[in-house]
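To start, the structure under review is shown below, and the notes come after it.
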Amino acid sequence: MAYELFVNGAINTTLASGITNVATSLTVASATGFPTSGNFRIVVESEIMLVTAVSGTTFTVTRGVEGTNPAAHSGGTIVKVSLTGGSINQWRSDNFQTGPYSSLPSGREGDLYRPTDAPYIMRYDATNGWECFGPVWKRNPPKLSNFTKTVYGTDPGAVDTNGHVYGKLLGNNALNAVCYSVPVPGSTPWDCTIGFSFHAEFTPDDLSGPSGRELFHLGVCEFDSTNKVIRTWGVGYYNVTGQTSFMRQTLNMNTGVYVNYNRYGSNPGINRCDGAPPLWYIQIHRDAGGIVRNRWSRDGYNFYADDSTDLYSDSEITAPDSLAFFAINNHPSSALHFKFHHWELTS
Amino acid sequence: MPEQFADLAQTTLASSINSSVTSITVSDGSSFPSSGTYSIIIDSEIMTVTARSGNTLTVTRNEFGGAASHTAGATVVCVLTARALRQFQQDMTLSGTLGSRPSAAYQGRLYLPSDSPYIYRDNGVSWDAYGPARKVTPIVTSNFAWVNQGGATVTSNGDALTLVDPAVASDHHRLYVQSITGSFTVTMLCAPYIFADNNQFGLVLYESGSGKLLTHGYNHFTSATWLQSNYWSNTSTYVATVFQQQLVNFAVPPTWLRIRVSSGTIFVDASTDGYQWRQLGSVAVTTAFTTAPDHCGIFANSSGTNADAGGTVYHYAAG
């Protein structure tokens, strides 16, 4: 996109011929002193126009910008360049653009760019071109007010704080679970992503709690809000192996009963729970054919499909009408602190 | 100091000037900025003021409008120009070494250092640091080639490169490497994707004549993640370990990895920010290789049928 251009001096000319209120090109008597390409602003009577292209004395214009009214103008009317509120706003926008990494602007010394698909903030250097600073992970903090809360057991009392959602699920010798849901998109495909970090108060190798259960589990889930059933996908600590693993399960939030329970893989063990990375991104991807795949990422941009086949049979959960982020704590005595940093639902 | 602006700064020329002098005297310079650069207009010539001492202005002539002579008494006015806007923008987003960062004084100004793990914002009084984030160089793979590729793939997403080696039994390093000789250093910031036992990912040195290699990176075994450097007589035959340490208690990736080849020795290093490095181990070049490595790059080794192995590379530099 063309940058907003500025010129010095009281550059002005006149319309070579009259224009209607809808004409998108105009011819001036002389283009001397005007920029030889877009974009810049001209004022004709009380109308501001954005010039997007110049060919000799012919300007291609967007009419009636910055809230001014497009009007017919007679031949001989004065045309002048002007510093306007819109041009200053555009200048600010030009200086710090955003978009895909593949659409980097040409750049001028000092320009900043925030790519939508790469973990960097970028700055243009006149000698070296665009330079990357980072990595900065993707962050789109959820706001609790946008979600419906469903609790089994003790409410974690989650709050919006410091750009993320923080909650503390008690470990009180009972199942405590919470999910925060929004309606599922009306059409497929869609991707639902949560970015989170956590701290479990217990130590590694803790095999307490109900045998063969997760001591904690958190991530993203599909939610049947009528029957209060969640089908999860996330990270959990398994009290048979004493390891933190990727896992999925189906839990009834009315009764606290597991409908189904499937750890992922035979011996995944992403790491010991105290060695888990500071930030996880977990995604449910549903393609146009209704196939569900689980993905995960460490930066929010580069996702890694953990399985190439449909992981679920829909019999585990009927009519998942919502998507949610969730946390579960099954520990007899230790609390789970969770922080949800990122929520993204695209369809 | 950023480009300066002044409201209603106006005076007159104290004495006539020709079209080339770069020092001019005005009758009263007190309303003009005393330092920094700004633009003035005299008749139809715009000049750039680069310094002021009392009533004497040091100027660069003919910023716009054409150099001309001007007579005593001509009006001198501070003006906003296209150059000033452009300069002001540059002045508010600076880059360079941390040592050359200017003093804080202008709220909203950014400084992106080339040698410090922060992005700084000028709060008007001091610089606030945000991070960690640092200048990184996404990997450029135009001169990279595969050795023992098998089913491995690389994909680029926003210039971050992800290498994946599908799950296959036993050691079979997939190398994605470039030519390099002599003394050199190769550095990488990456996030490894290794979850099943024996999954490996990291940096590699390779000697094409002998087929020998040295790896330095992440290895998952005994259900834990280790930082480990090994050398191998070929892509499937282990020889010895240079260094290994289990990562526990939040000492987790992404971290920085580095291999240095210098004076006949190979050093393997790691860092949490890319600036403060710790040497983990070393081995003589001729212990790990027949003569010397002639390639460096990245590798993955799923080394088992439980899970794919790989990682995403955010920064890679060799030289």
Side-chain angles (χ1 to χ4, degrees), chain A residues 4-9 35 83 88 91-92 94-96 100-102 108-112 115-126 128 131-136 204 241-243 245-246 265-272 274-278 296-299 301-306, chain B residues 39 41 44 46 63-65 79-83 85-86 89-95 110 112-114 119 130-131 133-138 155 157-162 164 189 191-193 195-197 220 223-225 246-254 306-308 310-312 314-315:
Chain A
E4 187 80 19
L5 300 177
F6 297 90
V7 293
N8 295 317
L83 185 65
I88 290 291
W91 174 70
R92 285 181 64 97
D94 287 350
N95 298 345
F96 197 165
Y101 188 93
S102 58
R108 305 156 303 172
E109 173 79 24
D111 280 357
L112 300 177
T116 53
D117 56 358
Y120 309 113
I121 291 171
M122 303 181 69
R123 178 185 181 275
Y124 190 83
D125 179 90
N128 302 322
E131 297 183 321
C132 297
F133 294 82
V136 286
T241 60
Q243 294 171 21
S245 310
F246 285 132
S266 57
N267 180 26
I270 56 167
N271 210 326
R272 308 297 280 261
D274 54 351
W296 49 267
S297 169
R298 277 192 151 117
D299 59 22
Y301 296 103
N302 297 281
F303 278 86
Y304 188 84
D306 76 65
Chain B
S39 294
I41 187 166
S44 60
I46 295 174
E63 178 187 316
F64 186 78
V79 289
L80 176 64
T81 64
R83 180 204 61 78
L85 269 180
R86 184 79 266 288
Q89 177 202 343
Q90 291 181 32
D91 294 342
M92 294 302 280
T93 57
L94 301 170
S95 186
L110 299 179
L112 285 70
S114 58
I119 292 171
Y130 296 82
R134 60 153 280 170
K135 187 175 174 181
V136 295
T137 309
T155 53
N157 175 19
D159 243 20
L161 188 83
T162 298
V164 175
L189 171 66
Y193 299 155
F195 297 112
D197 270 2
H220 191 285
S223 299
T225 301
Q246 185 177 348
L247 298 174
V248 293
N249 292 330
F250 300 103
V252 292
N306 269 336
D308 302 349
T312 296
Y314 302 108
H315 170 99

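Model, not experiment: these values are computed from the prediction.
Heavy-atom pairs under 4.5 Å with chain B were tallied for D125(A), L112(A), D299(A); the largest tally goes to D299(A). Counting heavy-atom pairs closer than 4.5 Å to chain A, the top residue among T137(B), N157(B), D91(B) is N157(B). Contact count versus chain A (heavy atoms, under 4.5 Å) is highest, among L85(B), T155(B), I119(B), L80(B), for L85(B). Chosen from D159(B), T81(B), T312(B), the residue pairing most often with chain A at heavy-atom distances under 4.5 Å is D159(B). Top candidate by heavy-atom pairs under 4.5 Å with chain A, chosen from I41(B), L94(B), I46(B), L110(B), is L94(B). Of the listed residues (W91(A), Y301(A), F6(A)), the greatest number of heavy-atom pairs within a distance under 4.5 Å of chain B belongs to W91(A). Most heavy-atom pairs under 4.5 Å with chain B, from the set A118(A), C132(A), P115(A), P119(A): that is C132(A). Of all the listed residues (M92(B), R83(B), R86(B), H315(B)), the one sharing the greatest number of non-hydrogen pairs under 4.5 Å with chain A is R86(B).
Interface remark: Y120(A) contributes side-chain atoms only to the contact with chain B (heavy atom separation under 4.5 Å). Neither the backbone nor the side chain of R92(A) has a heavy atom closer than 4.5 Å to any heavy atom of chain B. Interface remark: L83(A) contributes side-chain atoms only to the contact with chain B (heavy atom separation under 4.5 Å). With a 4.5 angstrom heavy-atom cutoff, V7(A) touches chain B only via backbone atoms. Interface remark: Y101(A) contributes side-chain atoms only to the contact with chain B (heavy atom separation under 4.5 Å). For V79(B), no part lies near chain A; criterion is any non-hydrogen pair under 4.5 Å.
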Exercise for review: Show the numbers, then the answer: is there a side-chain contact (heavy atoms from CB on, under 4.5 Å) between R108(A) and N95(A)?
Suggested key: CA-CA 8 Å; R108(A) 305 156 303 172; N95(A) 298 345; 3.1 Å; yes
Exercise for review: Begin from the C-alpha positions of M122(A) and E131(A) and carry the test side-chain contact (heavy atoms from CB on, under 4.5 Å) through to its verdict.
Suggested key: CA-CA 5 Å; M122(A) 303 181 69; E131(A) 297 183 321; over 6 Å; no
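Using a 4.5 Å heavy-atom threshold, the side chains of F133(A) and S95(B) count as touching. Using a 4.5 Å cut-off on side-chain heavy atoms (C-beta onward), Y314(B) and P138(B) make no contact. The closest side-chain heavy-atom distance from D111(A) to F96(A) is not below 4.5 Å. Y193(B) is listed as a side-chain neighbour of T162(B), based on a closest heavy-atom distance under 4.5 Å.
Taking a cutoff of 4.0 Å between a charged side-chain nitrogen and a carboxylate oxygen, R123(A) and E109(A) qualify as a salt bridge.
Of all heavy-atom pairs spanning E63(B) and S39(B), the tightest one is OE1-OG, 2.8 Å.
The line from CD1 of I121(A) to OG1 of T93(B) is 12.0 Å long, rounded to the nearest 0.5 Å.
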